[in-house]
Protein chains: 2
Amino acid sequence: MSRFPETNAVQRLIDTLSLSDQVRHYLLDALTSGRLRPGDRINEAELARTLGISRNPVREAVSGLAQRGFLVSAPRRGHFLRRFTPQDVDDVFSFRICVESFAIRQALPRMRQPDHDDLARLVERMIAAARAGRLAELHQADMALHRRICELSGNRQTLRAHEGIDTEVQMLIAYVDLEREPPLQSALAHLPIVEALASGDVERSVAAMQHHLETTWAFVHRMYGRSGRGEPLVDAGDASPSQVRRTRG
Amino acid sequence: MSRFPETNAVQRLIDTLSLSDQVRHYLLDALTSGRLRPGDRINEAELARTLGISRNPVREAVSGLAQRGFLVSAPRRGHFLRRFTPQDVDDVFSFRICVESFAIRQALPRMRQPDHDDLARLVERMIAAARAGRLAELHQADMALHRRICELSGNRQTLRAHEGIDTEVQMLIAYVDLEREPPLQSALAHLPIVEALASGDVERSVAAMQHHLETTWAFVHRMYGRSGRGEPLVDAGDASPSQVRRTRG
DNA sequence: AAACTGTCCACTGTCTGCAGTTTATGTTTT
DNA sequence: AAAACATAAACTGCAGACAGTGGACAGTTT
């Protein structure tokens with residue numbers, strides 16, 4: 001089939017071309033970057049016009065994101081970015097602790113020196129970025145670290161679940177002016193995890209991870225706790241208070 | 001708004017109308033029932049003709065299922081039902097143990113007497129179905145029980161994750177003539193879980209659940225272990241050995 | 001003034017059609 | 001006869017168009 005050695009790489013690039021895929025990434029970026037805010041409606045026709053394409057690829061992307069729970073859809077009315085309640089924060093972070101702890105348990109026995117070095121380098125990058133005030137890079141390395149651990153677990157289910165959680169977390173913090181941990185502190189918070197992993201102590205590693213995630217959780221929770229003690233900021237989709245339903249599998 | 005009490009039910013029926021949704025359910029059923037077998041191709045046009053609709057709703061459904069990982073897509077070549085390796089079995093079941101254990105931890109403190117009664121009734125139904133040889137009902141109650149526990153956790157992330165796992169498990173066992181646990185034994189295996197929950201002992205409940213899932217895991221694993229010790233039966237999508245890629249978020 | 005009814009507009013859900021690829025078939029060449 | 005090639009069929013990806021529904025607004029009624 002492929003006579004040219006570089007065909008695979010080229011092929012992959014070409015594959016990425018599918019318009020639906022591009023739209024999906026475009027939308028995911030809009031969601032996680034805060035350009036799209038909770039409750040916002042997604043206008044298929046307008047988006048298609050903006051991107052200079054037809055509505056079909058747009059619909060496929062949007063429909064997929066709805067199936068995955070990142071958008072809520074109201075039949076015949078459109079798709080909306082979810083709204084988040086304090087409970088959503090708790091659900092996401094408690095589940096995240098569950099998943100990433102499990103990832104560590106599966107990853108650690110499989111890790112070799114190069115893997116540990118990898119993680120160490122990521123933390124160094126975080127610290128350097130924090131010192132230099134490059135917040136975007138800090139954030140990026142942060143995500144990469146957590147993701148890497150899930151990859152190292154070798155468990156595709158875990159990795160897949162983490163991807164979903166990761167997206168949710170980014171959506172949660174995207175549109176609030178988050179009262180964040182100080183950058184350097186945030187970067188340093190990952191040191192104990194990587195060190196514990198390097199020592200080979202599973203329980204210590206899990207504990208370190210849990211502690212770190214609980215700290216982050218607390219920061220995010222504080223934001224959502226403000227506008228109403230436990231009461232829903234707005235329940236998913238105020239656009240149609242009674243019958244908005246999440247597209248389910 | 002609604003003066004008529006049954007309006008909600010009616011509304012739900014009307015909402016269900018979307019063709020994409022219907023196709024999605026149709027396909028999910030085909031996947032989990034074994035009517036579609038791993039490696040099988042999904043022919044959009046043919047499916048559309050069969051259902052008497054156009055290709056658009058079909059594409060939306062298929063695309064969504066691919067994004068959720070239930071299908072693999074090969075650009076310009078089509079969508080295929082995943083193939084499964086022994087590792088997939090291990091990944092799914094180990095992760096399932098992680099998720100359902102977590103569900104119990106969150107659910108138990110929230111459970112009230114009616115909830116315990118609910119679960120007890122489900123187990124009774126399983127036992128009755130097993131004794132009567134109604135395997136379909138047994139299987140259905142089994143799934144309902146596990147799902148109910150995730151619901152009782154009150155954690156939407158957990159429930160969502162469980163839905164994905166549940167689908168994967170059904171796909172895993174759908175097309176193999178599974179060497180199953182004897183029906184009655186399978187039904188009775190759930191008793192310790194529900195009893196432990198009723199006693200309020202979290203650790204005992206978790207242990208019971210883990211034991212049960214490990215037993216099931218072993219049965220499924222045995223099937224996949226046969227055709228090659230650890231070697232992939234076939235890796236995802238032999239249709240295009242080199243460049244099948246999973247549609248990712 | 002408040003509630004109700006009817007009309008208009010925007011948008012979703014779906015269909016048909018077309019272009020470019022991939023796969024299958026048949027033919028030629030060695 | 002097997003392999004390579006050429007041609008035809010089939011399918012995916014995308015575009016454009018249409019019908020039906022929901023929502024907003026204005027006019028009307030009580």
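Computed from heavy atoms alone, side chains included, the values below leave out hydrogens, waters and symmetry copies. Bear in mind that the values here come from a model prediction, so they are computed numbers and not experimental data.
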Under a 4.0 Å threshold between the charged nitrogen and the carboxylate oxygen, would B:D21 count as salt-bridged to B:R24? yes
Taking only residues two or more places apart in sequence, or in another chain, which ones meet B:D166 in a side chain to side chain contact (heavy atoms under 4.5 Å, CB included)? B:M143, B:H162, B:Q170
Looking at A:D115 and A:R110, is any side-chain nitrogen of the basic one under 4.0 Å from a carboxylate oxygen of the acidic one? no
So if I define the base as every atom that isn't primed, P, OP1 or OP2, how would nucleotides 8-18 of chain D read as a B/S/- string at a heavy-atom cutoff under 4.0 Å? ---SBBSBBB-
Output yes when A:R96 and A:E168 qualify as a salt bridge under the 4.0 Å nitrogen-oxygen rule, no when they do not. no
Can you list the residues that meet the side chain to side chain contact (heavy atoms under 4.5 Å, CB included) rule with A:E151, with sequence neighbours excluded? A:R147, A:R148, A:L159
